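Notes to accompany the following structure.
Since the structure is predicted, the reported quantities are computational estimates derived from the model, not experimental observations.
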Amino acid sequence: MSLRARDVWFRYGRTGPWVVRGVDLDVEPGEVVGLYGASGSGKSTLGRLLGGLDRPRRGSVEADGAAPRPGRGVPNPVQIAFQDAHSAMDPRWRISEVLAETAPDAGEVAALDPVLVPPALLDRFPHEVSGGEAQRVNLARALLTGPRYLVADEITASLDAITQAVIWRLLLERVRADRIGVLAVSHDRPLLDAVADRVIDLAALQAEPAQ
């Protein structure tokens, strides 16, 4: 069982350039894989493909033997956390409501790790929390669905070094304990070297452009 991409190709539109070209990739349960590449290299697009938000033009993506399919009435086994955590929240909802949207049991929000999401944040609105606090909420919401895999797409890129370290420590503790496979997407190679079990350079995975 794993999160697996096989010969995955993707482009926007019928005639656009290939953004992802012939990629093979595996993420095992409990493993943290770093995906390194420059801005615009296709990292985020590959993350969306692995999470089922986009479908490959060619090739296949499977999570534990089935294609990931968000929005089908059951939790997607692959969750994605993006860099801009604030944009993933309804600004009209309090943080408790944002979290309750994906919690299978309302009691799970109250039982959240207070270090990950301090209780004082629950009554606030998204505009009342910092970028680091918003990312903690974003990660907690993804984890509440009980995912098998998590795509963490530049989740700390806009945060200071101390906040980055805190968020990654909290996340790694949880995913190690629950054996959640993580694809950590970043253009920051030293960060990936510090948090991942292995690091893959996307450029090395890409095939030559197809016609």
F10 vs R55, test: side-chain contact (heavy atoms from CB on, under 4.5 Å). Steps then yes/no. CA-CA 8 Å; F10 183 84; R55 298 184 66 179; over 6 Å; no
Please tell me whether [X] and [Y] are part of a single hydrophobic cluster in this structure, the criterion being side-chain heavy atoms less than 4.5 Å apart.
X: L191; Y: L159; answer: yes
X: L99; Y: I167; answer: yes
X: L202; Y: V33; answer: yes
X: V98; Y: L170; answer: yes
X: M89; Y: I155; answer: yes

Which atom names give the shortest non-hydrogen contact between [X] and [Y], and what distance separates them?
X: R11; Y: P17; answer: CB-O, 3.2 Å
X: L116; Y: A140; answer: CD2-CB, 3.8 Å
X: A63; Y: P77; answer: CB-CG, 4.1 Å

Do R21 and W9 meet the cation-pi criteria used here (NZ or CZ under 6.0 Å from the six-membered ring centre, within 45° of the axis)?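 Geometry flag: not set, cation outside 6.0 Å or 45°.
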Does a side-chain heavy-atom distance below 4.5 Å link [X] with [Y]?
X: S158; Y: Q83; value: yes
X: D90; Y: E101; value: no
X: L143; Y: I180; value: yes
X: V195; Y: L172; value: yes
X: L144; Y: L112; value: yes
X: V78; Y: L150; value: no
X: R136; Y: V166; value: yes
X: V61; Y: R4; value: no

With distance as the sole test, does [X] use its side chain to make a donor-acceptor pair with the main-chain N or O of [Y] at under 3.5 Å?
X: E133; Y: S130; value: yes
X: H86; Y: P126; value: yes
X: E128; Y: F125; value: yes

With a 4.0 Å cut-off, would you call [X] and [Y] a salt bridge?
X: R176; Y: D197; value: yes
X: D123; Y: R94; value: no
X: E31; Y: R198; value: yes

Hey, mind stepping through D7 and D24 against side-chain contact (heavy atoms from CB on, under 4.5 Å) and telling me if it holds? CA-CA 5 Å; D7 194 27; D24 292 335; 4.2 Å; yes
Determine whether the side chains of D64 and Y149 contain a donor N or O and an acceptor N or O closer than 3.5 Å.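 There is such a pair (donor and acceptor under 3.5 Å, judged by atom type) between the side chains of D64 and Y149.
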Apply the test side-chain contact (heavy atoms from CB on, under 4.5 Å) to residues V199 and D193: give CA-CA distance (whole Å), side-chain angles for both, the deciding distance (0.1 Å), then the verdict. CA-CA 7 Å; V199 179; D193 288 337; 3.6 Å; yes
Can you spot which of V185, L35, L46 makes a side-chain contact (heavy atoms from CB on, under 4.5 Å) with V151?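 In the set V185, L35, L46, the residue that makes a side-chain contact (heavy atoms from CB on, under 4.5 Å) with V151 is V185.
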So, taking the atom named CZ in R174 and the one named CZ in R179, what distance separates them when rounded to the nearest 0.5 Å? 15.0 Å
